[in-house]
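A note on names: the letters A, B, ... follow the listed sequences, proteins ahead of strands, and every chain is numbered from 1. For the numbers below, each heavy atom of this structure counts, side chains included, while hydrogens, waters and symmetry mates do not.
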Amino acid sequence: MAQITLTLPDGNQRSYEAGITPAEVAADISTSLGKKAISATVDGAHWDLAWPLESDASFALHTIKDEDRALELVRHDLAHIMARAVQEIWPDVKVTIGPVIEHGWYYDFDRAEPFTPEDLGAIEKKMREIINRRDPVTTEVWDRDRAVQFYKDNNEPYKVELIDAIRGDEPLRMYWHGDWQDLCRGPHLQHTGQVPADGFKLMSVAGAYWRGDSDRAMLQRIYGVAFLSKERLRAHLNMLEEAAKRDHRKLGREMDLFHFEEHAPGSVFWHPAGWRIFQNLINYMRRRQEAAGYVEVNTPDIMDRALWETSGHWFNYMDNMFLAQTHDDRDYALKPMNCPGHMMLYNHSLRSYRELPMKIGEFGKVHRYEPSGALHGLLRVRSFTQDDAHIYCTPEQLQEECAKVNELVLSIYKDFGFEDVHVKLSTRPENRIGSDESWDLSESALKTTLDEAGMRHTIFEGEGAFYGPKLEYVLRDAIGRDWQCGTLQVDYNLPERFGSTYVSASGEKLAPVMLHRALFGSLERFTGILIENWEGKLPFWLAPRQVVVASIVTEADDYVLEVVDALKKAGVQVEADVRNEKINYKVREHSVGKVPVILAIGHREVEDRTVTVRRLGEKQTSVASLADIVSELSAAALPPDLAN
RNA sequence: GCUGCUGUAGCUCAGAGGUAGAGCACUCCCUUGGUAAGGGAGAGGUCGAGAGUUCAAUUCUCUCCAGCAGCACCA
């Protein structure tokens, strides 16, 4: 028998006969390690304890203490344990796939009756039984024909389909948890008892398409979360509760910012306070863009079909466009994008190279008939306002303009407290317009921009828009969630389709390149993201109601109004609250409404011409003179681009 | 769009085959109270819409609409 040498993490080497398993190595090192081991890493690959070792390798054993490995295994075994539990309860349910995901796993089943919440409880109970049985996990490599026949005999058509999809040269590995069997790449634990029985919870059941394809069968997906201890699980569940508290739909109601109606699904009714946030964003962006050399324009909401045919939208997105019926025998559509309107604007007069780069922005409201299931509060709507702009430039200017947009967007996100930004680069899709040469140029311009700025990014092959590749800016929020916001797209195609030109220095008519860019993206969505990020407690300059001046006694009312007046004149968004209510009541109400500053006025303040200041989230109050508080709050009300 | 669930007062929710209830909010009265809900009274609902079953439907059935979770989609 050949000998192999395993090099342990501490540098020690051990020699064994080829074909030995990591489980045997672990037991050889110590009895307790043999019991505690859950998997191994062999030359960097995560290795099942049952897989034989055939050659020299670096070798490390893992126990439940190696958190990353342990979580992966535990979650993966739980997927199998859950599938087993389901089949033990309902033998006719067909199994499909069950991968590990962030925080847990899911498994998709084909079953005629829907799983109910009570079913989840029953499954969970059965899973604990299986864990307590400490069923051994064993594995074998089968050849393809045997596996296919096995699944045909067992009436598991999805598994047969999976095997068909696996490359011919890949070994098919079968796993048994006790006498229950599944096709699986592995690795797995030694036995089901290695799963912490109190660290998991089944969360929900929902539909999911087989193989992610909406033309195929709808399966039932059960989601579970799993951690290595009860405490970790509880912490995760608490985190979910915290996230739920940030739900902008709930905060929007509590803060009286906006609402939705049945008769306008996916369209926002902005209340005064919500609209103020919205306007704050637009005004801020308007200033930043003006400073960056943009001009603002406005183009029609409804335009003739012919325009959308020229742009390509009609053929690519007709199903998702709102069409306008009129009595003049013309087809109109509500604009789903601003770019065709901007093309009209560009083409309206003969352009000189001296005008380029030409940057035209519009806070245009676009309408898209989004699938009903996609709608989600402010985050996915059917009519929304973009901070859209198009930059027309010469091919020579392209690279620099991309870099400028990139710089601007990062600087703006920073003003909103988003410093953790990463970028998705999406390249040419199958359905596209334009030549491969123009796509080469566009993609390389975006790639170069990221490389020169040294920004981390992920490439998404084939995910670009039909007219050009795109960058998408993804922000990480205060509790670690990612939100896709801004975009930068290079487009050689629309200028060509619209016959746009500029006159060059040598008098030739040449085609410009255009950039599409939006930095907030959708103002509606960005507002929603800000609400979630700050849990409604927006920074002072953005807060829709910055200050409430509340009277404690009726005799203070005149002075309250004087304070309100002074703050208003100083540019602060302020309201008086002189209702016949106790100060406790007022403080509670405005705190729930996330008003950052409450100024309370009683006899003392009237006499001393002061205010008592209570800031959101602080129990402690302080006293300030009227003049001081006015100057402090008027400074705080300045947007970051205007503050010193 | 697909699967499942939900729809009762402005909000959060209870309820039952015999045309409805609570708390908060709202209006009025009392109370002038010092930092997260002072007390009392009143008003408020075609029970999402339509059809069917029934002597009788808000309750049961079906269709539609909207919302929620997930999937698919996201120019």
Side-chain angles (χ1 to χ4, degrees), chain A residues 106 108 111 113-117 203-223 247 249-250 253-254 256 259-266 308 311-321 335-340 366 368-377 379-382 386 426 429 431-432 463-468 470 472 484 487 489 491 494 516 518 521-522 525 550-557 578 580-593 598-605 612-621:
Chain A
Y106 67 75
D108 288 348
R111 178 186 183 222
E113 295 75 38
F115 289 111
T116 64
M203 300 299 284
S204 62
V205 55
Y209 296 110
W210 170 233
R211 317 217 89 194
D213 182 344
S214 59
D215 291 331
R216 301 173 99 150
M218 176 62 73
L219 306 170
Q220 297 189 62
R221 174 172 299 176
I222 301 179
Y223 285 91
D247 190 314
R249 294 165 297 186
K250 174 175 165 283
R253 212 180 300 118
E254 289 173 4
D256 193 18
H259 81 275
F260 291 89
E261 297 272 344
E262 272 192 38
H263 294 295
W308 306 111
S311 69
H313 288 94
W314 190 266
F315 300 106
N316 281 289
Y317 288 101
M318 187 170 59
D319 289 347
N320 298 306
M321 286 168 72
K335 67 175 170 188
M337 290 192 85
N338 297 301
C339 24
V366 297
R368 300 178 181 179
Y369 185 74
E370 302 287 2
S372 56
L375 301 180
H376 183 93
L379 301 179
R380 190 81 182 270
V381 288
R382 284 187 177 150
Q386 288 182 319
S426 299
N431 285 324
R432 62 177 183 266
E463 302 279 310
F466 70 86
Y467 49 74
K470 60 185 180 186
E472 276 160 335
Q484 187 173 306
T487 183
Q489 306 169 7
D491 184 1
L494 284 189
H516 305 244
S522 149
R525 178 177 159 82
S551 58
I552 298 170
V553 293
T554 309
E555 286 84 359
D557 288 1
V578 293
N580 175 14
E581 296 291 352
K582 291 195 166 193
I583 193 64
N584 298 36
Y585 183 93
K586 295 181 183 183
V587 165
R588 179 186 148 77
E589 183 171 295
H590 301 306
S591 299
V592 168
I598 300 170
L599 302 181
I601 312 268
H603 291 298
R604 291 204 295 271
E605 290 79 5
T612 295
V613 187
R614 184 185 162 118
R615 293 171 207 278
L616 186 58
E618 292 176 18
K619 284 245 183 317
Q620 205 67 18
T621 59

Whole-Å gap separating C1' (B:U3) and CZ (A:Arg216): 17 Å

Watson-Crick or G-U counterpart of B:G34, or none if no pair lies under 3.5 Å: none

Distance-only donor-acceptor test, A:Glu113 side-chain atoms vs B:G4 base atoms, 3.5 Å: no

Length of the CD-P vector between A:Glu254 and B:G10, whole Å: 18 Å

Same-atom distance (P) from B:G4 to B:C11, integer angstrom: 28 Å

B:C74 versus B:A16 - spacing of their P atoms, nearest Å: 46 Å

C1' gap between B:C62 and B:C24, integer Å: 37 Å

Pairwise P distance, B:G39 and B:G23 [rounded to whole Å]: 12 Å

Contacts of A:Tyr585 that satisfy ring pair (Phe, Tyr, Trp, His ring centres under 6.0 Å) - sequence neighbours left out: none

Nucleotide nearest A:Glu555 when distance is taken to its side chain, options B:U32, B:G38, B:A36: B:U32

Atom pair distance, as rounded to whole Å: CG in A:Asp557 and P in B:G33: 13 Å

N/O donor-acceptor pair under 3.5 Å between A:Gln220 side chain and A:Arg111 backbone: yes

Paired nucleotide for B:U27 [Watson-Crick or G-U wobble; both distances under 3.5 Å]: B:A41

Under 3.5 Å: donor-acceptor pair, side chain of A:Arg382, backbone of A:Glu370: yes

Heavy-atom neighbours of A:Gln620 CD exceed 12 at 6.0 Å: no

Separation of the C1' atoms in B:A37 and B:C47, to the nearest angstrom: 29 Å

Plane angle bin for A:Phe466 and A:Tyr317 - parallel if under 30°, tilted between 30 and 60°, otherwise perpendicular: tilted

B:C64 pairs with, by Watson-Crick or G-U criteria that keep both distances under 3.5 Å: B:G48

Whole-Å distance separating the NZ atom of A:Lys250 from the C1' atom of B:G67: 17 Å

Touch class at under 4.0 angstrom, heavy-atom based, for A:Val592 against every strand present: base

A:Tyr209 backbone acceptor or donor facing A:Arg216 side chain under 3.5 Å: no

Touch class at under 4.0 angstrom, heavy-atom based, for A:Glu618 against every strand present: nothing

Opposite nucleotide pairing with B:A16, Watson-Crick or G-U, both atom distances under 3.5 Å: none

Distance in Å, A:Ile601 CD1 paired with A:Asp557 CG, rounded so as to fall on 0.5 Å steps: 10.5 Å

Donor-acceptor contact below 3.5 Å, side chain A:Glu589 vs main chain A:Lys586: no

Nearest-angstrom distance, P atom, B:C30 to B:A66: 49 Å

A:Thr621 side chain near B:U35 phosphate (N/O to OP1/OP2, under 4.0 Å): no

Rounded distance in Å - CD (A:Glu262) to P (B:G10): 13 Å

Position toward the 5' end of RNA chain B (nearest nucleotide), A:Asn584 or A:Arg253: A:Arg253

Same-atom distance (C1') from B:U58 to B:G48, integer angstrom: 11 Å

Base paired to B:U3 (Watson-Crick or G-U; both N/O distances under 3.5 angstrom): B:A69

Under-4.0 Å salt bridge between A:Arg249 and A:Asp247: yes

G-U wobble or Watson-Crick pairing nucleotide for B:A75 (cut-off 3.5 Å, both distances): none

Distance below 4.0 Å between A:Arg614 side-chain N/O and B:G34 OP1 or OP2: no

Side-chain donor or acceptor of A:Arg525 paired with backbone N/O of A:Gln484 under 3.5 Å: yes

5′-ward residue of the pair A:Phe260/A:Lys582 relative to RNA chain B: A:Lys582

Pair of N/O donor and acceptor under 3.5 Å linking B:G34 base with A:Thr612 side chain: yes

A:His263 NE2 - B:A66 C1' separation (whole Å): 9 Å

Rounded C1' spacing from B:A36 to B:C73 in Å: 44 Å

Nucleic acid footprint by protein, nucleotides 69-75 of chain B - heavy-atom cut-off 4.0 Å, B for base, S for sugar-phosphate alone: SBBBBBB

Whole-Å distance separating the CG atom of A:Asp256 from the C1' atom of B:G10: 10 Å

Interatomic distance, A:Ile552 CD1 vs B:G38 P [rounded to whole Å]: 14 Å

